[in-house]
Amino acid sequence: MEYSFPTILVLGSTGSVGEQALDVAAQCGITVKGISANRNWKRVAEQARQFGVEAAAMSDESAARELRAALADTAVRVYGGSEGILQMICETNAGFAVNSILGEAGLLPTLAVLDAGMDLALANKESLVVAGEIVMAKAREKGRRITPVDSEHCAIDQCLRAGSGKEIKKLILTASGGPFFGKKTAELQGLTVDDALAHPTWSMGAKITVDSATLMNKGFEVIEAAHLFGVGADRIDVVVHRESIIHSMVEYIDNSIMAQMSVPDMRLCVQYALTSPARTPAVIPPLDLLSVGKLSFYAPDEETFPLLAAARRALALGGAAPAALNAANEVAVGAFLERRISLLRIFEIVLEVTQALSHAKEAHTLSEILDIDRAARELALTRI
Ligand code: MG
């Protein structure tokens, strides 16, 4: 049987999810029309040739010059700078754009994809954390779909097929708990980047692996779920599930719980985001339940890991708070990865900056949100 897949752009094509999206494209015979990345022009040149793309963009201008030279013998249009990425989106139409850009830098591309009339497979959760209302309103205005490329939200999307919106009691996000599960604050002292990067079940980029270790990632995912599915934070629970086999659940009003299970592999999320509600032959290995044996569940330790609760507060406050939270976290995690601050200092900086800016001023428009983002980054830098 023939399956029909949309053509795609892959934004952030050299990151972990971007590479996995291209792997899905290769396995399924999906046409990739454009790719973008930050600085790694050598890898982008390889990808451009392998997939025969029409366009490629580098947000770093000098990397764009290198790429242009490397692809001089091809017809690939090469764009440079963050403006160049937006221009590529605007001039390279595909069915879907997979946005796997890292951090707040993914927000303007998200809006550009929707403006260009493409559906969005969203791996850049920061778009929804920073400007969830604006992004969801834009999708409605343009009549485009946003399908999540995040294992939890992909699972919820699938579980929601079992009931109607008004039958939902709550969403239950699962969390692996990260490498520091079970540790108390005193034991977190002195932990290093290498400790944080040893994720038990998922293979991911460095930034999101640290966010998983601090539970900031789970906090972002609560905000993401609230926007994607229109469910209030008071009806989004988090449960630690060490095996990462159940990717999330939906509990209905009759107390029936639907769960989605598979081996932990993001390629399923990319595939489902591009084809849902249809299902197409597997790109990941099957789940062997007998080798899993047991599934376990624990409450998250919100006292030791305060950023999950901070995300809930930021979502409830709205306005500037989620943007400040994200910006402070990006700066603090960046400094941690450069070994300039300790893990516990991430908590302090994020809590301080978010608190200082949450009530600073109203932030509803895109430019107000970008102002808060800048202010939070500046403030966080003074705390490093
Ligand atoms: Mg996730």
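Whatever order the structure lists ligands and atoms in, that order sets their numbers, starting from 1.
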Contacts table for residues 108-124: side-chain donor-acceptor under 3.5 angstrom, sequence neighbours left out:
| from | atom 1 | to | atom 2 | distance (Å) |
| --- | --- | --- | --- | --- |
| Thr110 | OG1 | Asn99 | ND2 | 2.9 |
| Thr110 | OG1 | Gly106 | O | 3.2 |
| Thr110 | OG1 | Ser127 | OG | 2.8 |
| Asp115 | OD1 | Lys138 | NZ | 3.1 |
| Asp115 | OD2 | Lys138 | NZ | 3.4 |
| Asp119 | OD1 | Arg144 | NE | 3.1 |
| Asp119 | OD1 | Arg144 | NH2 | 3.4 |
| Asp119 | OD1 | Arg145 | N | 2.8 |
| Asn124 | OD1 | Ser127 | N | 3.0 |
| Asn124 | OD1 | Ser127 | OG | 2.5 |
| Asn124 | ND2 | Ile101 | O | 2.8 |
| Asn124 | ND2 | Gly103 | O | 2.7 |
| Asn124 | ND2 | Glu126 | OE1 | 3.2 |

Assess whether a salt bridge exists between Arg49 and Asp73, defined as any Lys/Arg side-chain N lying under 4.0 Å from an Asp/Glu carboxylate O.
yes
Which side chain to side chain donor-acceptor pair (under 3.5 Å) pairs, counting each pair once, include a residue from residues 223-238, with sequence neighbours left out?
His153-Glu224, Lys170-Asp237
What protein atoms of element N, O or S are positioned under 2.8 Å from the Mg ion (ligand 1)?
Asp150 OD1, Glu152 OE1, Glu221 OE2
Tell me every residue that passes side-chain hydrogen bond (donor to acceptor under 3.5 Å, both in side chains) with Glu66, counting only those two or more places apart in sequence or in another chain.
none
Does the side chain of Glu152 come within less than 4.5 Å of Leu171's, by heavy atoms?
no
How close do Thr14 and Glu19 get, counting heavy atoms only, and between which atoms?
O-CG, 3.9 Å
